[in-house]
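Shown next, in structure tokens, is the structure this report addresses.
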Amino acid sequence: MQWETVIGLEIHTQLATSSKIFSGAATVFGAEPNTQACLVDLGMPGVLPVLNREAVRLAVMFGTAIGAEIRRRSVFDRKNYFYPDLPKGYQISQLEFPIVGPGEVEIILEDGERRIIGVTRAHLEEDAGKSLHEDFHGMTGIDLNRAGTPLLEIVSEPDMRSAVEAVIYAKKIHQIVRYLGVSDGNMQEGSFRCDANVSVRPLGQEELGTRAELKNINSFRFLERAINYEVERQIELIEEGGRVVQETRLYDSDKDETRSMRSKEEANDYRYFPDPDLLPVELDDAFIEDAVADLPEMPDVRRARFEADFGLSQQDAATLTGSRELADYFETAATIGGDTRLSVNWVMGELSAALNKAGLDIASSPVSAGQFGGLIKRMADNTISGKIAKEVFEAMWSGDGSADEIIDARGLKQITDSGAIEAIVDEVIANSPQQVENYRQADAEKQPKMLGFFVGQVMKASKGKANPQQVNELLREKLSG
Amino acid sequence: MSFDQSEVEKIAHLARLAVSDDEAQHLTADLSRILDLVAVMEKVDTSGVEAMAHPLHMTQRLRTDEVTETDQRDQNQKIAPATEAGLYLVPRVIE
């Protein structure tokens with residue numbers, strides 16, 4: 001039988017605030033355990049939550065960026081369950097009245113097809129703490145630094161039909177939140193986590209199959225693998241006469257399998273009710289206008305502009321707008337450098353390679369976009385050749401200054417003075433009588449290849465500074481004589 | 001409306017409350033009466049009334065995003081039954 005996979009994602013993204021969503025405790029990653037957990041985060045009696053304005057502002061920014069409805073009135077609810085890293089015995093979340101209503105994002109599939117993925121809602125909530133199951137004399141250690149960290153949970157429609165599509169959608173949301181600066185999106189630090197609702201149904205059937213929820217996946221690679229495993233498991237189960245049960249499953253990346261965590265019937269009875277400690281949130285026009293006043297150019301818009309303004313291919317434009325930092329870098333370098341093709345090649349070539357090797361991202365590149373543009377400019381105006389540019393780039397990388405400073409200090413300026421080049425060419429010809437003889441007697445079609453020897457000699461004698469084009473021309477002229 | 005004792009037991013379990021058989025019986029009767037009252041109120045036509053999220057006619061005040069809390073871990077952990085390496089220790093959780 002032909003099966004169709006149906007996937008919906010719930011993405012938890014940590015909002016980039018300094019303090020928690022309901023308390024004034026810090027949210028810095030990697031702090032000593034429990035040093036950022038105050039009385040509110042600990043759920044002590046008598047404390048009251050007060051909502052962080054910035055968390056609301058960031059949620060409004062995200063909602064606006066995906067063209068969603070921003071709810072003027074939203075309500076916080078208590079989601080009740082017991083777990084030691086949830087001190088209050090409930091998580092403050094939003095059920096019936098989330099802050100962000102329906103919106104959508106466009107993804108581009110591998111074959112270039114465009115697809116709209118519906119975003120059902122996005123709501124504000126607090127994160128729980130962290131349980132450490134290493135052995136503390138048979139006990140579990142609890143770090144509540146993360147408790148109360150603001151999250152935006154972005155819930156999609158079941159609009160994806162394969163693991164690959166789910167990954168493309170997740171990457172798109174990741175790109176959007178990072179462009180907006182709504183979240184740092186750091187997956188290793190847990191700032192961006194995915195839950196996937198996965199079901200299968202016979203192809204052509206309208207009704208959805210029973211879904212399993214795959215929890216807490218913190219890399220795009222694992223997301224793809226977890227879904228693929230789960231789809232196979234469900235199909236196999238049904239084809240053997242079994243039945244998929246609605247449950248939460250955990251993906252184990254070591255074993256590359258999903259396994260049942262708990263049955264939903266009982267554990268999922270969260271008994272939501274409006275949190276009496278928090279009043280309804282009402283946003284006026286001024287708040288929303290202010291929140292979206294400095295919304296940056298979104299990746300899709302920027303990609304289209306790069307294609308139009310710089311004449312880039314869709315592929316290059318998509319790569320260069322992958323992150324806001326990379327797009328900013330390229331745009332600055334290309335504008336200063338004045339040569340798009342060179343800028344594309346050098347940003348994606350030399351620079352990317354150096355960053356990869358050093359394990360750095362573009363934002364922490366030792367060569368600034370302005371400096372890099374300066375280097376492109378000197379290649380574009382023929383001050384230096386591509387080969388010398390590599391040397392200049394390495395010096396810039398080590399902090400030796402701007403391209404112009406390095407070119408001056410090291411005397412790397414390309415020799416374009418034809419008199420100077422001619423002198424070197426003459427010398428090389430005089431020193432290589434045998435090669436000259438061979439060249440002159442060779443067939444015309446073999447000569448271009450043989451010219452390489454002379455070019456190499458001239459470049460060597462000029463320490464790579466002679467303009468290669470001029471060298472070629474002069475050599476051809478002199479050798480034919 | 002009648003309320004089943006098994007429902008009381010289920011809710012007690014979800015809330016991690018130890019309820020004896022005797023108490024469960026009483027609670028079933030009490031809760032049934034409350035729900036009967038709710039059933040009476042449900043007969044009122046509320047089609048033109050917006051659902052209330054809070055009894056106060058006020059809206060949520062928003063806080064400036066500032067870190068105002070300092071580290072009080074030592075103080076906070078004084079009342080914890082067990083701590084180690086800065087962590088609160090609890091009976092082992094088995095997932």
Side-chain angles (χ1 to χ4, degrees), chain A residues 17-20 22-27 31-42 44 50-57 73 75-76 80-85 89 96-97 131-133 135-144 250 261-262 266 269 271 274 276 278-282 287, chain B residues 3-4 6-19 27 31 34-35 38 41 46 49-95:
Chain A
T17 59
S18 311
S19 65
K20 303 239 170 122
F22 298 118
S23 84
T27 56
E32 280 291 300
N34 293 307
T35 54
Q36 294 180 163
C38 71
L39 297 177
V40 173
D41 308 323
L42 295 177
M44 287 294 170
V50 187
L51 183 57
N52 186 334
R53 173 187 300 270
E54 182 65 5
V56 178
R57 191 183 76 88
R73 183 172 183 275
V75 176
F76 283 98
N80 299 281
Y81 67 93
F82 284 99
Y83 206 74
D85 58 22
E96 236 181 305
F97 303 99
S131 302
L132 297 140
H133 300 291
D135 197 16
F136 292 100
H137 329 290
M139 299 180 91
T140 293
I142 305 290
D143 177 7
L144 295 169
L250 197 70
M261 256 173 87
R262 55 188 177 215
E266 185 199 298
D269 194 343
R271 294 151 294 138
L278 288 153
L279 292 154
V281 181
E282 280 187 16
F287 184 94
Chain B
F3 203 54
D4 201 293
S6 69
E7 283 176 281
V8 170
E9 281 159 8
K10 185 185 163 204
I11 293 166
H13 171 68
L14 286 169
R16 301 296 185 269
L17 294 173
V19 175
L27 283 167
L31 289 171
I34 294 171
L35 290 176
V38 172
M41 291 194 290
T46 56
V49 183
E50 200 187 328
M52 192 171 65
H54 201 280
L56 294 179
H57 278 287
M58 292 166 73
T59 56
Q60 180 60 37
R61 185 171 73 81
L62 300 178
R63 199 185 90 241
T64 307
D65 181 29
E66 276 171 2
V67 176
T68 52
E69 295 288 340
T70 52
D71 172 21
Q72 302 288 326
R73 185 175 76 183
D74 292 346
Q75 193 70 19
N76 294 339
Q77 294 199 334
K78 273 185 191 160
I79 55 167
T83 60
E84 190 178 310
L87 300 163
Y88 294 93
L89 297 190
V90 299
R92 167 166 287 181
V93 181
I94 300 151
E95 188 64 75

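Note: hydrogens, waters and symmetry copies are ignored here, and every other heavy atom, side chains too, is used. A note on names: the letters A, B, ... follow the listed sequences, proteins ahead of strands, and every chain is numbered from 1. Everything numeric in this text was worked out from a predicted model, so none of it was measured.
The residue among B:Gln72, B:Met58, B:Glu84, B:Glu69 with the most heavy atom pairs within less than 4.5 Å of chain A is B:Glu69. Ranked by heavy-atom pairs shorter than 4.5 Å toward chain B, the options A:Phe22, A:Phe97, A:Phe136, A:Phe82 are led by A:Phe82. Counting heavy-atom pairs under 4.5 Å between each of A:Ala55, A:Pro280, A:Ala25 and chain B puts A:Pro280 at the top.
Summarising the geometry of A:Leu278 relative to B:His54, their closest heavy-atom pair is O-CD2, 3.6 Å, with the distance given to 0.1 Å. The minimum heavy-atom distance between B:Ile79 and A:Met44, with the atom names listed, is CD1-CE, 3.7 Å.
For B:Gln77, the part sitting under 4.5 Å from any heavy atom of chain A is the side chain, from C-beta outward, and nothing else. At a 4.5 Å heavy-atom cutoff, the contact between A:Val50 and chain B is made by backbone and side-chain atoms alike. Of the two parts of A:Thr27, neither the backbone nor the side chain holds a non-hydrogen atom closer than 4.5 Å to a non-hydrogen atom of chain B. Proximity to chain B (any heavy atom under 4.5 Å) is shown, for A:Val281, by both the backbone and the side chain.
Inter-residue side-chain proximity for A:Phe287 and B:Leu62 is flagged as met; some heavy-atom pair is nearer than 4.5 Å. In this structure, the side chains of B:Leu14 and A:Asn80 stay at 4.5 Å or more apart for every pair of heavy atoms.
Using modelled atom types, one finds a donor on one side chain and an acceptor on the other under 3.5 Å when comparing A:Ser19 with B:Arg63. For A:Thr17 and B:Asp65, the side-chain atoms include no donor-acceptor pair closer than 3.5 Å.
To the nearest 0.5 Å, the span separating OH on B:Tyr88 from CG on A:Leu42 amounts to 4.5 Å.
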Show me the side-chain donor-acceptor pairs of residues 32-40 of chain A shorter than 3.5 Å, one per line, residues at least two apart or across chains.
| unit_1 | atom_1 | unit_2 | atom_2 | d |
| --- | --- | --- | --- | --- |
| A:Asn34 | OD1 | A:Leu144 | N | 2.7 |
| A:Asn34 | ND2 | A:Ile142 | O | 3.0 |
| A:Asn34 | ND2 | B:Gly86 | O | 2.6 |
| A:Thr35 | OG1 | A:Glu32 | O | 2.7 |
| A:Gln36 | NE2 | A:Ala26 | O | 3.4 |
| A:Gln36 | NE2 | A:Val28 | O | 2.9 |

Residues A:Asp269, B:Lys10; criterion salt bridge (charged side-chain N to carboxylate O under 4.0 Å, His left out); working and verdict: CA-CA 10 Å; A:Asp269 194 343; B:Lys10 185 185 163 204; 3.2 Å; yes
Evaluation steps, salt bridge (charged side-chain N to carboxylate O under 4.0 Å, His left out), between B:Glu50 and A:Arg73: CA-CA 12 Å; B:Glu50 200 187 328; A:Arg73 183 172 183 275; 3.6 Å; yes
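For the side chain to side chain contact (heavy atoms under 4.5 Å, CB included) criterion with A:Met139, the lone passing option out of B:Val90, B:Leu89, B:Leu87 is B:Leu89.
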